[in-house]
2 protein chains.
Amino acid sequence: MLSTLDARTAASILPLPLHKRHEPLRPAVAPRRAYAKDEEIFLEGDEAEFFYKVVSGAVRTYKLLSDGRRQIDAFHFAGEIFGAESGGEHRFTAEAIGEVTLVCHRSRSIGTMAFDNPMLAREVLASTMEALARAQEHMLLLGRKSAVEKVASFLLGLSERTTSGGVIDLPMARIDIADHLGLTIETVSRSLTQLEREGVISLPAHRRGIVLKDRAALRRLRA
Amino acid sequence: MLSTLDARTAASILPLPLHKRHEPLRPAVAPRRAYAKDEEIFLEGDEAEFFYKVVSGAVRTYKLLSDGRRQIDAFHFAGEIFGAESGGEHRFTAEAIGEVTLVCHRSRSIGTMAFDNPMLAREVLASTMEALARAQEHMLLLGRKSAVEKVASFLLGLSERTTSGGVIDLPMARIDIADHLGLTIETVSRSLTQLEREGVISLPAHRRGIVLKDRAALRRLRA
DNA sequence: CGCGAAATTGAGGATACTCAACATCCGTGG
DNA sequence: CCACGGATGTTGAGTATCCTCAATTTCGCG
């Protein structure tokens with residue numbers, strides 16, 4: 001289902017010429033794998049043997065500085081592709097946030113994929129461009145937004161991607177949010193508290209849920 | 001020359017299957033255009049009619065917040081491709097930094113390009129992945145590096161890309177550097193001064209040149 | 001109920017920003 | 001050739017935002 005949707009999206013973004021539309025697709029017998037909470041999927045510098053598509057759960061990809069400072073460049077949810085590389089090795093580390101199931105594709109096939117499996121090739125290109133668009137938006141956030149603006153942007157973006165009607169169930173811990181937004185956990189916490197005081201969100205008891213009470217206000221705060 | 005090099009790079013990244021290697025390439029009669037200093041190439045939100053390859057000069061691409069805060073996501077130098085979009089419109093604004101010459105390609109052809117002109121398609125995919133890699137590295141910089149670390153990273157990156165032997169001729173003003181690194185011009189200036197005091201770089205009289213005196217020290221400072 | 005992990009809150013401090021003055025560069029024109 | 005003026009860059013003083021360190025609370029789970 002998700003796979004079909006993505007293939008259609010990719011096709012609509014990059015329309016096939018008519019004479020190519022009815023090529024037989026080889027049956028997608030790509031292997032799946034399950035990962036436990038916090039399990040490593042691949043490390044920065046690993047040979048890029050596979051790229052992945054999320055079936056269920058959420059994945060974080062990040063880079064580290066030598067002294068341990070971490071920047072999470074993206075979270076990946078169901079239906080999204082990550083780990084496709086142009087060079088021979090992965091440029092970031094990927095870990096399962098909770099329980100995760102992935103589809104694995106051999107990445108040496110990216111070069112020949114355009115001929116073997118054009119649908120998948122288009123999907124990879126589309127997802128790469130999507131990742132680039134997100135990265136550009138995120139650079140604006142990291143370079144130019146205040147702490148509250150960052151948190152507001154994050155919450156809105158998450159609610160748009162997970163299409164939960166106003167209630168977000170955060171799969172990741174505060175430290176992950178902090179390392180994604182270029183903040184500390186304390187500042188993330190204080191920003192959330194501030195948003196709650198202002199009546200824009202509400203934080204239920206178990207700290208993994210967030211209710212968006214005033215989306216318009218959030219959009220204003222996003223800058 | 002640069003075009004040949006890039007095509008080769010793209011080909012090595014994404015090797016062609018043997019039976020496709022000798023397809024005739026259609027003559028590349030893509031039109032060129034020159035732009036004056038600070039001239040707009042396209043605006044964020046414009047229909048993405050073309051994508052571009054830099055022949056000479058340098059280009060900045062950026063996004064703005066509603067109140068005018070700016071984030072320059074990248075500078076583009078000779079041989080580099082920018083402005084290729086998956087959707088129908090450009091997601092950032094592009095401007096010439098100095099005098100610039102560009103090659104323009106119709107971007108509606110990206111979808112069919114894989115069949116019409118596989119070499120160019122590979123180049124676009126490779127440049128997109130390259131842009132993504134840069135963006136990920138830049139997010140680490142924006143989110144987790146100090147001012148001096150940012151400036152050191154920027155200088156090293158620039159010297160690696162322009163292959164000038166230890167002497168950088170900055171095409172862009174301080175304000176552009178600041179908006180690229182998520183700093184103010186004052187902080188950029190102070191960081192450069194500090195690096196000069198430490199003997200790592202030297203700043204000649206005309207403020208557009210920088211001499212890298214101690215690359216090892218710069219690499220250490222980059223974090 | 002009690003423990004450890006995660007999150008929140010508070011106090012104090014550091015980094016980078018703002019505002020302002022000054023310096024330098026460079027093109028223009030006397 | 002030098003003086004002028006605007007744009008660009010540097011330096012300084014004070015401040016705000018976010019970070020650090022520490023204490024406390026809350027949550028999840030035996």
Side-chain angles (χ1 to χ4, degrees), chain A residues 37-38 60 65 67-71 97-99 141-155 168-198 201-210 221 223, chain B residues 36-38 60 65 67-71 97-98 141-155 168-198 201-210 221 223:
Chain A
K37 179 170 152 62
D38 295 325
R60 62 177 166 255
L65 292 177
D67 64 358
R69 280 173 285 175
R70 184 176 72 153
Q71 177 66 40
I97 290 178
E99 308 284 306
L141 177 149
L142 290 171
R144 288 297 178 226
K145 291 189 184 180
S146 72
V148 172
E149 288 168 349
K150 286 176 176 181
V151 171
S153 304
F154 176 70
L155 294 179
I168 303 176
D169 187 57
L170 295 175
M172 72 290 285
R174 294 288 188 274
I175 182 70
D176 288 336
I177 300 175
D179 284 351
H180 183 50
L181 301 181
L183 300 170
T184 60
I185 51 173
E186 293 93 334
T187 300
V188 170
S189 189
R190 277 185 254 268
S191 300
L192 287 171
T193 303
Q194 180 182 334
L195 290 175
E196 187 177 37
R197 266 201 315 271
E198 293 171 358
I201 62 173
S202 95
L203 299 164
H206 60 87
R207 258 63 252 272
R208 287 305 177 83
I210 292 185
L221 283 170
Chain B
K37 178 169 154 61
D38 295 324
R60 65 179 163 251
L65 293 177
D67 64 357
R69 281 174 284 175
R70 184 177 70 153
Q71 177 65 41
I97 289 178
L141 177 149
L142 290 171
R144 288 298 179 225
K145 291 189 183 179
S146 71
V148 172
E149 289 168 349
K150 285 176 176 182
V151 171
S153 304
F154 175 70
L155 294 180
I168 302 176
D169 188 56
L170 296 175
M172 73 289 287
R174 294 290 186 272
I175 183 70
D176 288 335
I177 300 175
D179 284 350
H180 184 49
L181 301 181
L183 300 170
T184 60
I185 50 173
E186 294 94 332
T187 300
V188 169
S189 189
R190 278 185 254 268
S191 300
L192 287 171
T193 304
Q194 179 182 334
L195 290 173
E196 186 176 38
R197 267 201 314 270
E198 293 170 358
I201 63 172
S202 97
L203 299 164
H206 61 86
R207 263 49 265 263
R208 288 303 177 86
I210 292 186
L221 283 170

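Reminder, nothing fancy here: chain letters follow the sequence lines and each chain counts from 1. This one's a predicted model, so the numbers in the text were calculated from it and none came from an experiment.
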Is the shortest side-chain heavy-atom distance between [X] and [Y] below 4.5 Å?
X	Y	value
R60(B)	D38(B)	yes
L155(B)	L192(B)	yes
L195(A)	I210(A)	no

Does a nitrogen or oxygen in the side chain of [X] sit under 4.0 Å from OP1 or OP2 of [N]?
X	N	answer
R190(A)	dT9(C)	no
T193(A)	dT9(C)	yes
R207(B)	dC25(C)	no
T184(A)	dC18(D)	no
R208(B)	dC25(C)	no
T187(A)	dC19(D)	yes

Exercise. Within the structure shown, what part of the strands sits under 4.0 Å from L192(A) by heavy-atom distance: base, sugar-phosphate, or nothing?
Worked result: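 Result for L192(A) = nothing.
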Exercise. Are the side chain of R208(A) and the backbone N or O of D169(A) linked by a donor-acceptor pair below 3.5 Å?
Worked result: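 No; judged by distance alone, with no hydrogens or angles, the pair does not exist.
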Exercise. In terms of side-chain heavy atoms of E186(B), which of dG12(D), dG9(D), dT8(C) is nearest?
Worked result: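 When the side chain of E186(B) is considered, dG12(D) is the closest of dG12(D), dG9(D), dT8(C).
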